Each structure stands twice: as C-alpha cells, then as structure tokens.
Amino acid sequence: ELNTEEFNRRHLYFQDAIKRAAYLNSFPAAPHSAKYGINQFSDLSLNEFRDLYLRASADKAPPYSGEKREG
Amino acid sequence: LPAKFDWRDEGVLAPVQNQQACGSCWAFSVVEAIQAAHARAGSPLEQLSVQQVLDCSFRNQGCSGGSTVWALSWLNQTRVKLVPQSEYPYKAKTGICHFFSQSHGGVALKDFAAHDFSGQEEAMMGQLVSCGPLAVTVDAISWQDYLGGIIQHHCSSQHANHAILLIGYDTTGDIPYWILQNTWGTKWGNEGYAYVKIGGNICGKYDPCWFIYM
C-alpha cells in the first residue's frame, strides 16, 4: 500500500539495516554473542527508530551507598 | 548471591508487552516494576494501567517521552492508585487523564529509591534478588538490529535513552549476563528479552537504576 516514493525510502533504510548488521556482526564474537540482522525495525531510519522508541530521559541519581533506608 | 536468578521463575512478571509506535517505555518500566513489587507482597499478579501513567503523569510527555524517576515521583507524591489495565487499557497514544475516586480499587506506591550502580554489579545483583525487578535505563541505539544472544559491544554507558526492566542474571556460563525484559513485543530479541554482558557498564545498564519498594 506504500506509494513508490515511500517504498523506495523504506527500501533504502532496509539496505542500511543490512549494512549495519554486517558491521555489528563483524566484531570478534565469543560463544553466545549477540547477533544482529533483519527484524521489525529494519525499514526505519536511525532517526525514526530513535524518535519512536528511545524516548526515556537519562536522570541523575546518587551512587548506591549500601545503606539501608529507614521507614 | 545465587549464581543465577530469574524473576520469571517466581510468577511476578506479566508477559512481554508491546509499546507499539509510542515512546512509552518509561511508563511501562515503572508500571511493570510496581506490578512485580505488588505481586511479591503477596497479591495476585495483576496488570496495571500503563495508559494511566502515560496520560496523567504531568511532568512527562506521554508518547513523546518521559522520565522514570519523574513518573515515580508523581506516583509517590500524589498517591494516585494505578487501576487495572482492563479498566484503563493501553492505546499507544497520549490521551486525556481519567480520574478515579480514592475509594476506587488500585495499587499505590509507598516509596521508591533511585541509585546509580556504576561499578557495583554485585550490589545491583543483591538489590535485584532482595528487592525485585528493577526499572533501569539503557543506551539501546544498537538494539534496532538485535536478534538475540548476549550483547557485549556497540552501546555506550553515557547516553541512556530507553527504559526497561532488569529481571535476572546468569553467571554460570562463559559470559555472565543480565536478563532484561523489553516492551517491543515477543518478535524482538530473545522472545522479547535482551541479554547484556555483566561487566564494564555495557549499555549504561546501571547508570542510574531505580528500584521500587511497595
């Protein structure tokens, strides 16, 4: 149902995902190491993925001291 | 500490959820941690409303993003009761906050604590075992292409951008790893879960980390 322009854009993102996976899989891998490849996010650009799914703020917190809290 | 531990074995976790095209990870992470704490306190496991947190936690931006610590602070200060998911279902879009009377049933947060566990993996394991699943933030930029296995590279410890639930660890194999429950459905990763190597603060997994008391 995509128009040609949208289809071509998604196709490019998909090709980018294949290149990214090849790069990520190229590192020396120990047994049970992570594998990267095609999944449900492969037709999203990096920016689209970030904008849609990586929306948590990084907050500051005090270092864990091991002390028990009262109350 | 046990060599391995997994809260999935204890019946306090709901199945893997799917946040869909909505930046609601922060709300899922908080609600799932509260569900687990509530179940650990002896109540039947009940799925609570993520949509309620998404719509009503006013310092956050709904599907446009938010902070787990702000959501927890809001729950702590207002004593709002989280109602069951069935009464306030998830819609994957920000909506108008629905109010419920104080007499309406639900689960209220009693207290919470936020900590940075950088370089204190054993302490974090201890908190995980004794306190329950932990809401944590990670750098998940490389998770777009993740298919499964133990993540050992490709994420920084400096740019946390995704909230998830830390539910266990396993140190019995060659590569010790954390077990994380994500909210991208069961087709992603290891049937919805990610494994991250223990050591070196990979993905900034304990920088910072929140755990929840009920």
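Keep in mind it's a predicted model, so treat the numbers as computed, not measured. All heavy atoms count here, side chains included; hydrogens, waters and symmetry mates do not. Residue numbering restarts at 1 for every chain, and letters A, B, ... go by the order of the sequence lines.
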Mind ranking Gly185(B), Ala123(B), Cys25(B), Gly149(B) by heavy-atom pairs under 4.5 Å with chain A and telling me who comes out on top?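 Most heavy-atom pairs within the cutoff with chain A belong to Gly149(B).
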For Tyr193(B), give me all partners under ring pair (Phe, Tyr, Trp, His ring centres under 6.0 Å), at least two apart in sequence or on another chain.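 Once residues adjacent in sequence are excluded, Tyr193(B) has no partner under the ring pair (Phe, Tyr, Trp, His ring centres under 6.0 Å) criterion.
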Which residues share a salt bridge (Lys or Arg N to Asp or Glu O under 4.0 Å) with Glu6(A), sequence neighbours left out: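 Per chain and number, Glu6(A) pairs via salt bridge (Lys or Arg N to Asp or Glu O under 4.0 Å) with Arg9(A), Arg10(A).
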Using ring centroids (six-membered ring only for Trp), state whether Trp188(B) and Trp143(B) fall under 6.0 Å.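 Yes; Trp188(B) has its ring centre under 6.0 Å from that of Trp143(B).
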Using distance alone, with no hydrogens and no angle criterion, decide if Asp145(B) and Asn39(A) have a side-chain donor and acceptor under 3.5 Å apart.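 On atom types as modelled, these side chains do not qualify, holding no pair under 3.5 Å.
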Cut-off 3.5 Å, side chains only: do Gln19(B) and Ser24(B) have a donor facing an acceptor?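 The answer is no; no qualifying pair exists.
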For Gln20(B), is it the side chain, the backbone, both or neither that has a heavy atom under 4.5 Å from a heavy atom of chain A?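 Looking at Gln20(B), just its backbone touches chain A.
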side-chain contact (heavy atoms from CB on, under 4.5 Å) partners of Gln15(A), counting only residues at least two apart: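 side-chain contact (heavy atoms from CB on, under 4.5 Å) list for Gln15(A), sorted by chain: His11(A), Leu12(A).
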Are there residues of residues 40-55 of chain A that reach to under 4.5 Å of chain B by heavy atoms, and which ones?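 Gln40(A), Phe41(A), Leu44(A), Ser45(A), Leu46(A), Phe49(A), Arg50(A), Leu52(A), Tyr53(A), Leu54(A), Arg55(A), listed by number.
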Closest approach of Val30(B) to Ala71(B) (non-hydrogen atoms, all atoms of both residues):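 Scanning both residues, the minimum pair turns out to be CG2-CB, 4.1 Å.
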